[in-house]
Amino acid sequence: MAEKSKNRFYITTPIYYVNDIPHIGHAYTTIIADAISRYKKLSGNEVFFLTGTDEHGQKIEKRAEAKGIKPIELADQVVGRFKDLWKALNISYDYFIRTTQSSHEKGVQKIFHKLKTKGDIYKGIYEGYYCVSCENFISDDIPLEKEGNKICPDCGEQAGKVSEECYFFKLSAYQKPLLDLYKKNPHFIRPKSRMNEIKSFVEQGLKDLSITRTTVKWGIPVPDDPDHSIYVWFDALHNYLTGIGYDWNPELYNNFWPPDVHLIGKDILRFHAVFWPAFLMAGGFPLPRTVFGHGWWLKDKTKMSKSKGNVLDPHVILNTFGTDPLRYFLLREIPIGLDGNFSHEGFIHRVNSDLANDLGNLVQRTLTMIHKYFSGKIIEMDEKNETDNKLKAEFVTCKDKVFACYEEFAINKALEETWVYINLVNKYLADNEPWKLAKAESKKKRLARILFQAAAAIRTIAYFIYPVMPESADKIWALLGEDKSISDQSFAELEFEDFKPGQNIQRTKPLFPRIELKDFLKEEEKKMDYLTFDEFKKMDLRVGEIIKAEKVEGTKKLIKMEVDIGGETCRMISGIADTYEANDLVGKKPIVIVNLKPAVIRGIESQAMLLAAEMKDGSAIVPFFGDDVPTGSKVK
RNA sequence: GGCGGUGUAGCUCAGUCGGUUAGAGCAUACGGCUCAUAUCCGUAGUGUCGGGGGUUCAACUCCCUCCACCGCCA
């Protein structure tokens, strides 16, 4: 195969699982990819930027069933939400691949067949742990219990060992080739710190990989053996091939394969840095150049998770700030590869200080002065003096640095360097004090020169920020009377002098208005599922005293109790027999919620519920008050 | 338990091959300006460089050891 042309650049995001609606994590990955791909276009590359969705699997099947719709209908809905978000975030992807489209399914089947014929895929017996109630195999990552069983992470039931026929990929045969790859290409895994992890994982030996299931119906059927369907990773990873036209658009495919960067979250690094290149080696494909694993955004220093309810919805920020401040914050705050902390305070502070104060205000003050003193048009001015030349020289330095940073995907540093220049321009104005010159008619040409230089500098600043904030950057160019879009200007040819006298300079409202923290919080409140204090007050929580307790016959965990809640008694059933003997509970004083809607458990009506901490193994620990607290006391 | 990483100013971090007084941004304090979104510019700090030991003329940097935290694996 002919070598791919050097100025063609192929970048991917992972395909997102349609089980989940888009959140800040998806947005982060995709925004990075967008910034890189915009930069690559500016620097003269033909770019192909692929994103999409992963739509197969049991979870989708079940969730669709629960909603009473077909899996594909569920996928369609979620795909719509992803596409809407990408539009709102100004994502310039070139193609959106869906694993349910026939070009993908056919491509995967073709490769599967090829590897099977070659002997890299063979039929065998998969032994694994299976949760009967969830009808699901438990991941190999879940540790074994003492009794030799595993606990299902979804439902907490014990899962026993079963075996089923399935197809394996001969991953074990690729240990050496993979290690050679890492050795030969030290940039294959980025950031570098992740290379060791992957290398030592591979050095420990690789087991063959089970890549089909008979239990999953919503998947790509194995060619000539339709009882089996192709399991998640073998299906999903090949999107990078089918998304660039493998087996359906040979021209596109030949132009862009192999990928230059697979941008991914660090959680799926192993799949991309081990399994994926092994699949490709088996299929005889040229390998990707780089797999880049980025870090997580934490919320107030803890990991975001659905169960904690602290998952950040990008729409909240978009509604309050617009697209560019969000893009800016995510890319400026941390280097790609490290974790970052997302807090309201941090976000407000960064955006107000960098965007509103430094950049926004610089644009505003310059444009205002050009209008005030020259009615928006600078035609005649003095020759440049030393400080003016210095401002231009600093642009040249800044341009080189920004360019080098973007080349290294150090977007945060590219922005940092740009801001050094923004500060210099602000200082240039402070030093030259144009507002003082404006008072003397004789200084008019000098004044013109200063404002002209400042405007020319701002024009280059807009250019530097374009990959990150395309909308604002183009807006600045338009305000400066530039008639072309930044995307039409190559990075290498960007010159300070391209800004010409006589441009019609527009006036504008502030580009990035300052935002108060309380406005942000107000917006978020609308989105969050907060409990109001009134709602909380509705809960009747009291100190109960257990009068009688006995185990419910025929159950492992349930205890039936009579509880005194202050002059009256009620009955409740609790699943705490793992940790407590019924007899020991009598006389104890737990917190009881009294006005919970009664439920029938094992044929017995439970009229209340006690509060307990849930342990990882599913057992419960109940906090008890001492005797000094009167039975029936209100808890709030 | 194994492998790897991190620990530097109140916070987030940079610090090359060992070399003079250990840096940046933010936050803080004070001063200047008034074109601008209460914005901008300037000045000023503060550090047992995680602890202990060693090598060296010289250690944030190299070696040993201990502590704390993080990641991957089992």
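Note on naming: letters A, B, ... go to the chains in the order of the sequence lines (proteins, then strands), and numbering restarts at 1 for each one. None of these values were measured; they are calculated from a predicted model.
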Legend entry - B/U12 to B/G51 separation - C1' atoms, rounded to the nearest Å: 24 Å
Legend entry - Rounded distance in Å between the P positions of B/A29 and B/C62: 39 Å
Legend entry - Separation of B/A24 P from A/Glu417 CD (nearest whole Å): 15 Å
Legend entry - Residue-phosphate contact under 4.0 Å: A/His349 side-chain N/O, B/C26 OP1/OP2: no
Inset, instruction - Could you measure between the two P atoms, the one in B/G10 and the one in B/A74, and give it in whole Å? - result: 41 Å
Inset, instruction - For B/C3, give its Watson-Crick or G-U wobble partner with both distances under 3.5 Å, or none. - result: B/G71
Legend entry - Polar side chain donor-acceptor pair, A/Asn385 to A/Arg449, under 3.5 angstrom: no
Legend entry - Backbone of A/Leu171 reached by a side-chain donor or acceptor of A/Asp208 within 3.5 Å: yes
Inset, instruction - Could you tell me whether the side chain of A/Gln506 and the main chain of A/Gly481 form a donor-acceptor pair under 3.5 Å? - result: no
Legend entry - Base partner of B/C49, which must satisfy Watson-Crick or wobble distances under 3.5 Å: none
Legend entry - Base partner of B/U20, which must satisfy Watson-Crick or wobble distances under 3.5 Å: none
Legend entry - Donor-acceptor under 3.5 Å (A/His371 side chain, A/Thr368 main chain): no
Inset, instruction - Using atom NZ of A/Lys207 as one end and atom C1' of B/C73 as the other, report the distance to the nearest whole Å. - result: 12 Å
Legend entry - Summary of protein contacts for nucleotides 30-40 of chain B, nucleotide by nucleotide, where a base hit scores B, a sugar-phosphate-only hit scores S (4.0 Å, heavy atoms): ---SSBBB-SS
Legend entry - For B/C26, the Watson-Crick or wobble counterpart (both distances under 3.5 Å): B/G10
Inset, instruction - Can you tell me, in whole Å, how much space there is between the C1' of B/A27 and that of B/A59? - result: 32 Å
Inset, instruction - Considering only atom P, compute the distance from B/U39 to B/C30 and round it to an integer number of Å. - result: 16 Å
Inset, instruction - Report the distance from atom CZ of A/Arg194 to atom C1' of B/C72, rounded to the nearest whole Å. - result: 8 Å
Inset, instruction - Please check if any side-chain donor atom of A/Asn185 sits under 3.5 Å from a side-chain acceptor atom of A/Arg289, or the reverse. - result: no
Inset, instruction - Could you verify whether a donor N or O on one side chain and an acceptor N or O on the other, from A/Ser472 and A/Asp324, lie under 3.5 Å apart? - result: yes
Inset, instruction - Starting at atom CD1 of A/Ile348, determine the distance to atom P of B/C11, rounded to an integer number of angstrom. - result: 23 Å
Legend entry - For B/A59, the Watson-Crick or wobble counterpart (both distances under 3.5 Å): none
Inset, instruction - Examine A/Phe452 together with A/Phe499 and report whether their ring centres are nearer than 6.0 Å. - result: yes
Legend entry - Backbone N/O of A/Glu197 and side chain of A/Ser200: donor-acceptor pair under 3.5 Å: yes
Inset, instruction - Measure from NZ on A/Lys266 to P on B/C73 and round the result to the nearest Å. - result: 12 Å
Inset, instruction - Indicate, with yes or no, if the rings of A/Phe188 and A/Trp276 have centres closer together than 6.0 Å. - result: no
Is there any protein nitrogen or oxygen under 3.5 Å from a nitrogen or oxygen in nucleotides 3-9 of chain B, and what are the pairs?
none

Inset, instruction - For A/Asp339 and B/C13, give me the distance from atom CG to atom C1', rounded to whole Å. - result: 15 Å
Inset, instruction - Once you apply the 3.5 Å cut-off to both distances, tell me the Watson-Crick or G-U wobble partner of B/G31, or none. - result: B/C41
Inset, instruction - Remember a base hit wins even if backbone is also touched, and classify A/Arg350 as base, sugar-phosphate or nothing at under 4.0 Å, heavy atoms. - result: nothing
Legend entry - Nucleotide B/A24, atom P - distance to CG of A/Asp354 in whole Å: 18 Å
Inset, instruction - Take atom C1' in B/U20 and the same atom in B/C60, then report the distance between them in whole Å. - result: 15 Å
Legend entry - Donor-acceptor under 3.5 Å (A/Lys500 side chain, A/Glu497 main chain): yes
Legend entry - Pairwise distance CD(A/Glu164) to OG(A/Ser210) - rounded to 0.5 angstrom: 7.5 Å
Inset, instruction - Pick the C1' atom in B/G50 and in B/U61, then give their distance to the nearest Å. - result: 16 Å
Inset, instruction - Please state how far atom CG in A/Leu298 lies from atom P in B/C70, giving the value in whole angstrom units. - result: 12 Å
Inset, instruction - Quote, to the nearest angstrom, the P distance that separates B/A44 from B/C70. - result: 39 Å
